Amino acid sequence: MNKPDIHSSRLSAEEYQRNFADIKPALSDYEAHIEASRCLYCEAAPCIPACPTGINIPAFINRVATDNIDGAAQAILDANILGGSCARVCPTEILCEQACVRNHEPECSPVKIGRLQRYAVDNRQPGEHPFIRLPETGKAIAVVGAGPAGLTCAHHLARKGHNITLFDAREKPGGLNEYGIASYKLVDSYARQEVDFVMEIGGIYPEYGLQLGHNLSLDQLRKQFDAVFLGIGLGGSRPLGLQGEEAQGVEDALPAISSLRQCNDLSQLPIGRRIVVIGGGNTAIDIACQCKRLGGRRRHHCLPSWQ
């Protein structure tokens, strides 16, 4: 039996750079203002309930249209402190943009809400943090998990003046954004930049390398802190129970995506030429697309029988 055709450096440096460039480049000032002017600012805007974080979409778009970029960013961040990453990775085409009333007009497309959200957050004036921390309450709260849920919770509680200890099992914060998002969706270390922005509020003290159930216990946290929030994220992948599942070249999608996101030189990342992806969900699509961008030549999607 031939050895698997798995090796690195399949592409040129220029190809790696092009393949993993930002999949949705930022809007220019002109493009953003033209797009914002297309919004009808509906009184009962259907895009708002379609947004999982309840951002007042017409309000922030109106502020973009009137050159109030800081006000637009504030409207977004009030509802979602991770509005920058959500603008990049949220499937807006099946959420807020699908609900846009522009879809009901002949030969018309929805307002590009996601890209306008990114424009607003990315172009707010740097300087002071947009939120003010209230005086300290003396309350100490443990937040377990430094992913999107834990970071959001920590930020909201810190704003109220509580002191937060943020625990995470990994050596970096960010959770899904740092380790599990396709690299072409969240580029240029944006996940870490956003974590730094969240931490600017003050009162959040990270502790890494501590995993609940291993070197950290819930009983211990309940005794030490006034309250505990658990934002431990998704569990591991379920094994398929197939013969050869541990063979060379077989890998779960999430660890593969994590390895890719943490790799500083994509040319050193081994990839097979002929690749089979088992599954048809978002993660399967992401890993298939990234394998192709790394130099895999043939892709097959196999849907498990239970789907």
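Just so you know, residue 1 is the first one in the sequence shown, and it goes up from there. This is a predicted model, so every value here is computed, not measured.
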Between the side chain of [X] and the main-chain N/O of [Y], is any donor-acceptor distance below 3.5 Å?
X      : Y      : value
Arg261 : Glu178 : yes
Arg63  : Gly71  : yes
Arg10  : Ile271 : yes
Asn56  : Ala59  : yes
Asn123 : Tyr119 : yes
Glu245 : Leu242 : yes
Asp168 : Ala146 : yes
Glu194 : Ala191 : no
Asn62  : Pro58  : no
Asp188 : Tyr190 : no

Within a strict 4.5 Å, meaning less than it, do heavy atoms of the [X] and [Y] side chains meet?
X      : Y      : value
Leu82  : Val198 : yes
Ile61  : Tyr41  : yes
Ile201 : Arg159 : yes
Lys172 : Val195 : no
Ile6   : Pro270 : yes
Ile287 : Val277 : yes
Asn19  : Leu11  : yes
Leu230 : Leu212 : yes

For the atom pair [atom1] ([X]) and [atom2] ([Y]), what is the distance rounded to the nearest 0.5 Å?
X      : Y      : atom1 : atom2 : value
Asn68  : Arg124 : CG    : CZ    : 13.5 Å
Lys139 : Asp226 : NZ    : CG    : 4.5 Å
Cys263 : Leu269 : SG    : CG    : 5.0 Å
Ile55  : Cys86  : CD1   : SG    : 7.0 Å
Cys289 : Leu294 : SG    : CG    : 11.5 Å

Task: CA sep, side-chain torsions, deciding dist, call: Ile164, Phe229, side-chain contact (heavy atoms from CB on, under 4.5 Å) - done: CA-CA 10 Å; Ile164 315 300; Phe229 174 84; over 6 Å; no
Show me the side-chain donor-acceptor pairs of residues 88-99 shorter than 3.5 Å, one per line, residues at least two apart or across chains.
residue, atom, partner, partner atom, Å
Arg88, NH1, Gly84, O, 3.1
Arg88, NH1, Asp122, OD1, 3.4
Arg88, NH2, Asp122, OD1, 3.3
Arg88, NH2, Asp122, OD2, 2.8
Thr92, OG1, Glu97, OE2, 3.1
Glu97, OE2, Ile113, N, 3.1
Glu97, OE2, Gly114, N, 3.0

Task: Presence of salt bridge, Lys185 and Asp22, under 4.0 angstrom - done: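 So Asp22 does not pair with Lys185 through a salt bridge.
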- [ ] Indicate yes or no: does Lys223 engage Asp219 in a salt bridge with an N to O separation below 4.0 Å.
- [x]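 No.
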Task: Nearest atoms (heavy-atom pairs only) where Ala182 meets Ile257 - done: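 Heavy atoms only, the tightest pair is N-CG2, 4.4 Å.
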Open item on the list: Could you check whether Arg170 makes a cation-pi contact with Tyr179, meaning its NZ or CZ is under 6.0 Å from the centre of the six-membered ring and within 45° of the ring axis?
Closed with: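 Yes.
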Open item on the list: For the residue pair Asp67 / His33, report whether a side-chain donor-acceptor contact shorter than 3.5 Å exists.
Closed with: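 Indeed, the side chains of His33 and Asp67 share at least one donor-acceptor pair under 3.5 Å.
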Open item on the list: Testing the 3.5 Å rule here: is there a donor-acceptor pair between the side chains of Gln74 and Asp78?
Closed with: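 Yes, Asp78 and Gln74 have a side-chain donor paired with an acceptor closer than 3.5 Å.
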Open item on the list: Could you walk me through whether Tyr208 and Leu210 satisfy the side-chain contact (heavy atoms from CB on, under 4.5 Å) test, starting with their C-alpha distance in whole Å, then the side-chain angles of each, then the deciding distance to 0.1 Å, before giving a yes or no?
Closed with: CA-CA 6 Å; Tyr208 304 125; Leu210 296 173; over 6 Å; no
Task: Pairs satisfying salt bridge (Lys or Arg N to Asp or Glu O under 4.0 Å), at least one member in residues 25-40, at least two apart - done: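 Output for this query lists Glu35-Arg38, Glu35-Lys112.
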- [ ] Only counting residues at least two apart or in another chain, list the ones meeting side-chain hydrogen bond (donor to acceptor under 3.5 Å, both in side chains) with Asn163.
- [x]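 Expected list: Arg133, Glu136.
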Task: Glu246, CD: over 12 other non-hydrogen atoms inside 6.0 angstrom - done: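 For Glu246, atom CD is not crowded (no more than 12 foreign heavy atoms under 6.0 Å).
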Open item on the list: Could you check whether atom CG of Asn215 has more than 12 heavy atoms from other residues, nucleotides or ligands sitting under 6.0 Å from it?
Closed with: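 Enclosed: over 12 neighbouring heavy atoms sit under 6.0 Å from CG of Asn215.
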Task: Verify same cluster id: Leu186, Leu27 (apolar side-chain graph, 4.5 Å) - done: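 Per the 4.5 Å side-chain linkage, Leu186 and Leu27 are co-clustered.
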TODO: May I have the step-by-step check of side-chain contact (heavy atoms from CB on, under 4.5 Å) for Arg102 and Ser109, ending in yes or no?
DONE: CA-CA 6 Å; Arg102 284 288 192 186; Ser109 61; over 6 Å; no
Open item on the list: Can you confirm whether or not the ring centre of His155 sits under 6.0 Å from the ring centre of His129?
Closed with: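 Distance test on ring centres: under 6.0 Å, yes.
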